[in-house]
Visitor: 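Submitted below is the structure of interest, expressed as structure tokens.
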Amino acid sequence: MRAALLGLCNWSTLAVCAALKLPQVSALLAARSARGLSLPSLLLELAGFLVFLRYQVYYEYPLLTYLEYPILIAQDVILLLCVFRFSGNVYRAAPYLALFVASWFLLSLRKWVMDLAMNLCTVLSAASKLAQLQCLWAARDAGAVSALTWGLAAYTSAILVRFVIMLALNLWVTATVLRYRKAGVKAE
């Protein structure tokens with residue numbers, strides 16, 4: 001039962017990731033505008049996905065453990081092109097795309113560079129979300145931002161909530177053990 005549930009979570013996450021950005025692309029195309037969508041958010045997210053993918057490839061993890069990332073990167077590149085298209089100059093995307101391609105190779109020059117970049121992925125991901133929120137708060141208009149895309153992204157993140165909860169509980173138990181261990185030593 002447990003293996004089946006884990007398999008269902010893995011495959012459902014992969015399926016959601018395969019279509020994650022499609023509602024956003026559709027919303028942009030329908031609105032013919034990128035209003036409300038944060039370019040810095042998109043670039044930070046793309047950088048984080050790229051680092052994570054490169055890390056997985058560098059350390060030769062099995063493809064099924066990171067298959068969603070090439071799919072997400074392709075969808076983010078399409079979004080990036082749409083944002084530049086609707087801002088009036090699709091050619092402005094070229095330097096960013098060149099930087100991402102160069103980063104692919106630069107990340108693996110040294111092991112410590114790869115490891116450091118991977119450790120920064122959570123910061124990149126959080127910064128991406130904060131940049132999008134800042135854009136929405138400043139504009140007070142969601143414009144062409146897709147709620148469905150963000151809801152699907154929340155689903156893919158919810159799978160990780162279990163690990164965060166277990167980490168917090170394990171740390172709590174550890175702290176309690178250490179606290180009572182010290183109290184027990186004083187009592188003797």
Side-chain angles (χ1 to χ4, degrees), residues 13-14 16-59 61 66-110 112-158 160:
T13 299
L14 183 59
V16 168
C17 285
L20 183 68
K21 303 292 180 160
L22 298 181
Q24 183 60 69
V25 171
S26 177
L28 287 175
L29 294 174
R32 302 203 49 80
S33 166
R35 195 178 79 243
L37 194 64
S38 167
L39 178 61
S41 173
L42 183 58
L43 293 170
L44 287 165
E45 180 179 71
L46 192 53
F49 288 164
L50 180 82
V51 168
F52 190 83
L53 176 62
R54 186 64 175 130
Y55 181 89
Q56 299 292 321
V57 170
Y58 182 82
Y59 284 106
Y61 282 89
Y66 63 88
L67 183 59
E68 67 271 18
Y69 286 91
I71 297 166
L72 289 169
I73 288 170
Q75 292 177 49
D76 267 355
V77 167
I78 292 168
L79 274 175
L80 183 65
L81 293 172
C82 286
V83 166
F84 280 114
R85 164 83 167 87
F86 294 126
S87 68
N89 190 355
V90 75
Y91 299 108
R92 284 186 45 215
Y96 294 108
L97 295 176
L99 178 65
F100 287 124
V101 170
S103 297
W104 178 263
F105 298 103
L106 293 174
L107 283 168
S108 62
L109 286 179
R110 298 264 188 245
W112 70 267
V113 172
M114 178 62 63
D115 294 340
L116 177 63
M118 184 61 187
N119 285 321
L120 293 174
C121 269
T122 301
V123 174
L124 286 172
S125 180
S128 167
K129 300 336 176 239
L130 293 172
Q132 181 58 53
L133 284 169
Q134 182 183 24
C135 179
L136 290 169
W137 292 332
R140 294 189 179 277
D141 180 9
V145 180
S146 168
L148 180 56
T149 288
W150 286 97
L152 291 171
Y155 170 78
T156 63
S157 299
L160 298 175

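What you see below is based on every heavy atom in this structure, not just the backbone, and it leaves out hydrogens, waters and symmetry mates.
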Visitor: Is there side-chain contact between Leu109 and Leu106, with heavy atoms separated by less than 4.5 Å?
Guide: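 Touching, per the 4.5 Å side-chain cut-off.
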
Visitor: Can you name the closest pair of heavy atoms from Ala153 and Leu20 and give their distance?
Guide: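 For Ala153 versus Leu20, the nearest heavy atoms are N-CD1, 3.2 Å.
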
Visitor: Do Leu79 and Leu46 have side chains that approach each other closer than 4.5 Å (heavy atoms only, starting at C-beta)?
Guide: no

Visitor: Does Cys135 reach the side chain of Leu37, with side-chain heavy atoms less than 4.5 Å apart?
Guide: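 Not touching, per the 4.5 Å side-chain cut-off.
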
Visitor: If you look at every heavy atom in Val51 and Cys121, which pair is closest and at what distance?
Guide: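 Closest pair (atom of Val51, atom of Cys121, distance): CG1-SG, 3.4 Å.
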
Visitor: For residues Ser128 and Glu45, report the shortest heavy-atom separation together with the two atoms involved.
Guide: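 Scanning both residues completely, I find the closest heavy atoms to be OG-CB, 3.5 Å.
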
Visitor: Specify whether Phe84 and Tyr96 have parallel, tilted or perpendicular ring planes, treating 30° as the upper limit for parallel and 60° as the lower limit for perpendicular.
Guide: parallel

Visitor: Within this structure, what is the CE-CG distance for the pair Met118 and Leu124, rounded to the nearest 0.5 Å?
Guide: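 Between Met118 CE and Leu124 CG, I get 10.5 Å after rounding to 0.5 Å.
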
Visitor: So Leu43 and Leu80, do their side chains get closer than 4.5 Å, heavy atoms only?
Guide: yes

Visitor: Could you label the plane-to-plane angle of the Tyr59 and Tyr55 rings as parallel, tilted or perpendicular, counting under 30° as parallel and over 60° as perpendicular?
Guide: tilted

Visitor: Ignoring hydrogens and angles, tell me if any N or O in the side chain of Ser41 forms a donor-acceptor pair with the backbone of Lys129 under 3.5 Å.
Guide: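 Answer holds: no.
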
Visitor: Working to the nearest 0.5 angstrom, can you tell me the gap between Leu81 CG and Leu28 CG?
Guide: 11.5 Å

Visitor: Under the side chain to side chain contact (heavy atoms under 4.5 Å, CB included) criterion, do Val145 and Gln132 qualify, and how do the steps go?
Guide: CA-CA 10 Å; Val145 180; Gln132 181 58 53; 3.9 Å; yes

Visitor: Can you confirm whether Leu42 sits close enough to Val83 that some side-chain heavy atom of one is under 4.5 Å from a side-chain heavy atom of the other?
Guide: yes

Visitor: Can you tell if the side chain of Gln134 reaches within under 4.5 Å of the side chain of Ser38, non-hydrogen atoms only?
Guide: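 The answer is no; the side chains never approach within 4.5 Å.
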
Visitor: Return the OH to CG distance between Tyr61 and Leu53, rounded to the nearest 0.5 Å.
Guide: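 Taking OH in Tyr61 and CG in Leu53, the distance rounds to 13.0 Å.
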
Visitor: Could you measure the distance from the SG atom of Cys82 to the CZ atom of Arg32? Nearest 0.5 Å is fine.
Guide: 10.0 Å

Visitor: Measure the CG-CD distance between Leu29 and Gln24 for me, rounded to the nearest 0.5 Å.
Guide: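 The distance works out to 10.0 Å.
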
Visitor: Nearest 0.5 Å, what's the OH-CZ distance between Tyr66 and Arg54?
Guide: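 Output value for this atom pair is 10.0 Å.
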
Visitor: Would you mind reporting whether Tyr69 and Leu50 have side-chain heavy atoms less than 4.5 Å apart?
Guide: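 They are not in contact (no side-chain heavy atoms under 4.5 Å apart), so the answer is no.
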
Visitor: So Asp76 and Phe49, do their side chains get closer than 4.5 Å, heavy atoms only?
Guide: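 A side-chain contact exists here, since the closest heavy-atom pair is under 4.5 Å.
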
Visitor: Search all heavy atoms of Pro23 against all heavy atoms of Thr149 and return the closest pair with its distance.
Guide: CB-OG1, 3.4 Å

Visitor: Mind listing the closest non-hydrogen atom pair of Ala117 and Leu107 along with its distance?
Guide: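 The answer is CB-CD2, 3.5 Å.
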
Visitor: Please find the pair of heavy atoms, one from Ser108 and one from Tyr58, that lie closest to each other, and give the distance.
Guide: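 So the two residues come closest at CB-CD1, 3.6 Å.
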
